[in-house]
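Quick notes on the structure that follows.
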Number of protein chains: 2
Amino acid sequence: MDERTERRYALRADMFKALAHPMRIFLLDKLRERSYCVCELAAEVGIDKSVASKHLSQLKAAGLIEDQKRGTLVEYSLVASCVLEMVECAERTILENRRKQLDFISPESVSG
Amino acid sequence: MDERTERRYALRADMFKALAHPMRIFLLDKLRERSYCVCELAAEVGIDKSVASKHLSQLKAAGLIEDQKRGTLVEYSLVASCVLEMVECAERTILENRRKQLDFISPESVSG
DNA sequence: TTTATTGTTTCCAATTATGGAAACATTGCA
DNA sequence: TGCAATGTTTCCATAATTGGAAACAATAAA
């Protein structure tokens, strides 16, 4: 595997790393409604503002959200709608897995 | 945020965690062609078989691939085609980000 | 059975990610 | 200017992830 290919895989992995945390998924989900400032999001989850800020900056670094200063507030908004497809994809896969698991335990619909 | 919701976000994050490693992305990409046994994949990347085995078991735990014993070999194959969409989604987002970055440096196509 | 092949699990050391507190920066307002 | 509100960065302790070696398990072949 050449270096360029390796870098490509690393880039993709970085994108998934940005999504690999429950709080970050939640933040993205929240930003689907509308823009939010850091303090609102931190209050919602009940965490320190510094923690929220760091998670948001990770999402921003991945190009999934962007920020805009508004006075002392910093409002974050969703920018890569593609990420929503990814999250839905993950959701579908989880549900599919659960369905298979149930089939394995009590195969009613599958007769093979 | 109630516990059930929290668990849902954690599940999605787990799915992305499974994808959050260059080697695992590579393995998925490889399995798109056909089934491969652990030794083949380990040799391809040039890593210890134990490492490959562990990565594969993570992908399996996420329900993205499945295994089948064939003699002393264990062949892994892709099962959740949805994951390919996710990877393509990530790829598109990365390219989009790169394009924006270029626009920011030298805005030729964007005149606003 | 003995040996070889293939995978998995278990250990360990090193790296990375995380959360919270404190320090610091920026902006708005009196 | 002085003070309050909001975010970011830095520091630290803790937790999680990772890769490799070795031990172990399972199967095939001699």
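Residue numbers begin at 1 in each chain, while the letters A, B, ... track the order of the sequences.
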Let me know, please, whether A/V51 or B/L73 comes out on the 5' side of the other along DNA chain C by nearest nucleotide.
B/L73
Which nucleotide sits closest to the side chain of B/K54: D/dT10, C/dT18, D/dA21?
D/dA21
Check: A/E91 main-chain N/O paired with B/R12 side-chain donor or acceptor under 3.5 Å:
no
Looking at A/S53, does any N or O in its side chain come under 4.0 Å of the phosphate oxygens OP1/OP2 on D/dT8?
yes
May I have the distance from B/D67 (atom CG) to D/dA26 (atom C1'), rounded to whole angstrom?
14 Å
C/dA17 phosphate, OP1 or OP2, under 4.0 Å from A/R24 side-chain N/O
no
What is the separation between atom NZ on B/K17 and atom C1' on D/dA15, rounded to the nearest whole Å?
11 Å
Between P of C/dA14 and CG of B/D48, the distance in whole Å:
18 Å
Is atom CZ of A/R34 surrounded by more than 12 heavy atoms (other residues, nucleotides or ligands) closer than 6.0 Å?
yes
Winner on side-chain proximity to A/H21, out of D/dT6, C/dT18, D/dG19, is C/dT18
Considering heavy-atom distances to DNA chain C, does A/M23 or B/V38 have its closest nucleotide positioned more toward the 5' end?
B/V38
Parallel, tilted or perpendicular: which one describes the rings of A/F26 and B/Y9, with boundaries at 30° and 60°?
perpendicular
Closer than 4.0 Å, any side-chain N/O of A/Y76 to the OP1 or OP2 of D/dT8?
yes
As a test of reading the structure: which of D/dT27, D/dT6, C/dG7 is closest to the side chain of B/K49, going by heavy atoms?
C/dG7
Nearest whole angstrom, please: distance from the P of D/dA28 to the CZ of B/R70.
12 Å
B/L19 atom CG is separated from D/dT17 atom P, nearest whole Å, by 14 Å
For A/F16 and C/dA17, what is the distance between atoms CZ and C1' respectively, to the nearest whole Å?
19 Å
For C/dA17, does OP1 or OP2 lie under 4.0 Å from any side-chain N or O of A/H55?
no
Tell me which nucleotide among C/dT18, C/dT6, C/dA22 gets nearest to the side chain of A/Q58.
C/dT18
Selection from C/dG20, D/dT27, C/dG7 that lies nearest to any side-chain heavy atom of B/T72
D/dT27
Rounded to whole Å, how long is the line connecting atom CG of A/L59 with atom P of D/dT8?
12 Å
Charged N to carboxylate O below 4.0 Å: is that the case for A/K100 and B/E66?
no
In whole angstrom, give the distance that lies between atom CD1 of A/I47 and atom C1' of C/dT18.
11 Å
Least distance between heavy atoms, B/T93 atom then A/M86 atom
OG1-CE, 4.2 Å
